[in-house]
Amino acid sequence: MELHRNAAVLVATVFALCIVVSASGRASNPEPAAASGAETTVEAPTGTLAHALQTALTRHPKISLATSGTQAADAGRRAARAGYFPKISLSHKILRSNNPVFVFGSLLEQGRFGVEHFNPAFLNAPDPMTNRRTEAMASLPVFDQLFTATRVAESQGAQNKARLLEDWVKQEIFLGVIRSYYGVMVARERVHVAEDALKETEGQVRRIQHFFENGQVVRSDLLAAQVQHLEFSQQLVEAQGQYHTAQVAFQTALGRPSPPYPEPTHKMPSLLVPLHPLAQYTADALAFRPDVAMVREDLHVARLRLREARARYLPRVDAFSTYGVSGPDWESGSSDYTLGLALSWDLYEGRRAPGIDQALALVTAAEAQVQEAEDQVRLQVVEAYENLKAARDRLSLSQQAVAQAREALRIVKDRYAEGLTTITEVLRAETTYRKAQWMDLGARYDHVVRYAELLFRTGRLQDAAPFEG
């Protein structure tokens, strides 16, 4: 009965310790709540830019890669926090010996020591005996020279960096989708422009052929019209090839969904986007860029490592406890417990001073990396800002050029109908108008993409809202 009682106490003790540690672990490491945005986001209409962005977030392999990194970092943080919890172990030993010290101690441990055991004959030459000991042990670092705290901070930094990287990857994917989405639209419109131009020149060639057969124009006029027709035919072939390439690039930017994603339906914005002062974009970039925040996380961790290196001059304190049952067999035994605190202090350890020097150097390097990252961000924002300004100017000029070329073509056609100019002037005006249309499409695309790039460089490319309306 004594054995059963001791065994029950031992099992209950281990079980209670496991429950306490498990509960404290769950309390200190709550499972992250599911992103409410992912549950409440309303699916946008198919073919719109917003829906294309949603599709990319579910299909693109980079998202899976970044998400896996975040999950690994979360697991690393939980593993690091385990250093705050006690270590619990269970052991069972069976020993048999006639060593006097072993026999004397085992008798005491088993609670079977009596007066007869003080006999010198017994003490000097005891019979061999068996000692079975089952023991539960727990140890807890009270102060481990900031080792666990630093590991937790490192894992927290890794977790923060993984989430920042996930956000940065998402913005990179958004930028690629926006480029390819409007790239398909521009390529499709250019095919339409080339088809319209080819259809127009086919009619002109037929009319001039008729005039030439009637002797109303010279052969050079017919040849000029035919050359223009061939040029526009070549442009159509190139536009069709570019359109197909743009479609493939769009599907790739979305993560190659199956079945293939339908054609974009969102209209390309033609109005000039608002342009704020450069200082505002720079401030936003320094505050919101995930890549800059990741470098700052490295600096924070480097400073914590320096603190840990200095803390190695301090003592270490550990708490420990044991509960054991000892007996000669499975049917009898005696229980005991131990509680204690252990303090250890390395008065001299040759690696501490070099460790501090190394940590200081790493802090200096991290500070330099932060400065370099911020300088690069400022430069990138200036480049994106100036590119957008130039794109705005090109868009205004291209819109004027299209209007002027259209009016010039109308005037030349009217003059040609009255016999006041040659067919060469008509063909030249037609070519100029088509080039103006071609350039306008490029300017509109460049304007939208440059705006997206500026938002990306400031870390604010989060959705399709800036491109709607």
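Count residues from 1 along the sequence.
A donor-acceptor pair under 3.5 Å links the side-chain atoms of Asn387 to the main chain of Glu383, judged by distance alone. Panel note: side chain Gln171, backbone Leu461; a donor-acceptor pair is recorded below 3.5 Å. Here the side chain of Arg352 pairs a donor or acceptor atom with the backbone of Arg312 at under 3.5 angstrom. Looking only at distances, a side-chain donor or acceptor of Gln251 sits under 3.5 Å from a matching main-chain atom of Tyr261. Between the side chain of Gln145 and the main chain of Leu314, a donor-acceptor pair closer than 3.5 Å is present.
Annotation: Met439, atom CE; neighbour count of heavy atoms from other residues, nucleotides and ligands within 6.0 Å does not exceed 12. Residue Gln371 places its CD atom among 12 or fewer non-hydrogen atoms of other residues, nucleotides or ligands, all under 6.0 Å distant.
Between Glu430 and Arg434 there is a salt bridge, since at least one side-chain N of the basic residue sits less than 4.0 Å from a carboxylate O of the acidic one. Salt bridge status for Asp74 with Arg78: absent, with no side-chain N to carboxylate O gap under 4.0 Å. With salt bridges taken as basic N to acidic carboxylate O contacts below 4.0 Å, none links Arg415 and Glu425. Taking the charged nitrogens against the carboxylate oxygens, Glu374 and Arg296 do have a contact shorter than 4.0 Å, which makes a salt bridge. Look at Asp375 and Arg378 and you find a salt bridge, because one of the NZ, NE, NH1 or NH2 atoms lies within 4.0 Å of a carboxylate O, short of that distance. A salt bridge links Glu154 to Arg151: at least one charged side-chain nitrogen sits closer than 4.0 Å to a carboxylate oxygen. Here Arg410 pairs with Glu407 in a salt bridge; the nearest charged N to carboxylate O distance falls below 4.0 Å.
The ring pair (Phe, Tyr, Trp, His ring centres under 6.0 Å) search around Tyr243 returns none, not counting sequence neighbours. Residues meeting the ring pair (Phe, Tyr, Trp, His ring centres under 6.0 Å) test with Trp168, sequence neighbours left out: Phe456. Evaluation of the ring pair (Phe, Tyr, Trp, His ring centres under 6.0 Å) rule for His229 yields no partner, not counting sequence neighbours. Residues passing the ring pair (Phe, Tyr, Trp, His ring centres under 6.0 Å) test with Tyr433, sequence neighbours excluded: none.
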Review item, side-chain donor-acceptor pairs of residues 358-367, under 3.5 Å, at least two apart:
| unit_1 | atom_1 | unit_2 | atom_2 | d |
| --- | --- | --- | --- | --- |
| Thr364 | OG1 | Leu360 | O | 3.1 |
| Glu367 | OE2 | Arg303 | NH2 | 3.4 |

Below 3.5 Å, can you tabulate the donor-acceptor pairs from side chains in residues 176-186 to any protein atom, sequence neighbours excluded?
| unit_1 | atom_1 | unit_2 | atom_2 | d |
| --- | --- | --- | --- | --- |
| Arg179 | NH2 | Glu453 | OE2 | 2.8 |
| Ser180 | OG | Gly176 | O | 3.0 |
| Ser180 | OG | Val177 | O | 3.1 |
| Tyr181 | OH | Gly47 | O | 2.7 |
| Tyr181 | OH | Leu49 | N | 3.3 |
| Tyr181 | OH | Thr265 | N | 3.4 |
| Tyr181 | OH | His266 | N | 2.7 |

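Residues Tyr323 and Ser335 are in side-chain contact: their nearest non-hydrogen atoms beyond the backbone lie under 4.5 Å apart. With contacts defined as side-chain heavy-atom distances shorter than 4.5 Å, the pair Leu306/Ile356 qualifies. By the 4.5 Å heavy-atom criterion applied to side chains, Val426 and Gln204 are counted as neighbours. Between Leu275 and Tyr451, the closest side-chain pair of non-hydrogen atoms is not below 4.5 Å. Residues Val295 and Asp291 are not in side-chain contact: their nearest non-hydrogen atoms beyond the backbone lie 4.5 Å or more apart. Residues Phe250 and Pro264 are in side-chain contact: their nearest non-hydrogen atoms beyond the backbone lie under 4.5 Å apart.
In this structure, Arg460 forms a cation-pi arrangement with Phe288, its terminal cationic atom sitting closer than 6.0 Å to the ring centre and no more than 45° off the ring axis. Taking the ring axis of Tyr313 as reference, the NZ or CZ atom of Arg310 does not stay both within 45° of it and closer than 6.0 Å to the ring centre.
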* To do: Test side-chain hydrogen bond (donor to acceptor under 3.5 Å, both in side chains) on Gln156 and Arg77 and set out the steps.
  => CA-CA 6 Å; Gln156 181 65 59; Arg77 179 175 178 271; 2.6 Å; yes
* To do: Walk me through it: do Gln228 and Thr431 pass the test side-chain hydrogen bond (donor to acceptor under 3.5 Å, both in side chains)?
  => CA-CA 8 Å; Gln228 186 186 57; Thr431 301; 2.8 Å; yes
* Where do Gln376 and Arg289 land on the side-chain hydrogen bond (donor to acceptor under 3.5 Å, both in side chains) test, with the steps shown first? -> CA-CA 12 Å; Gln376 288 297 318; Arg289 278 275 291 263; over 6 Å; no
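The OG1 atom of Thr252 sits 8.0 Å away from the NE2 atom of His60 when rounded to the nearest 0.5 Å. Taking CH2 of Trp345 as the start and CG of Leu343 as the end, the distance is 8.0 Å to the nearest 0.5 Å.
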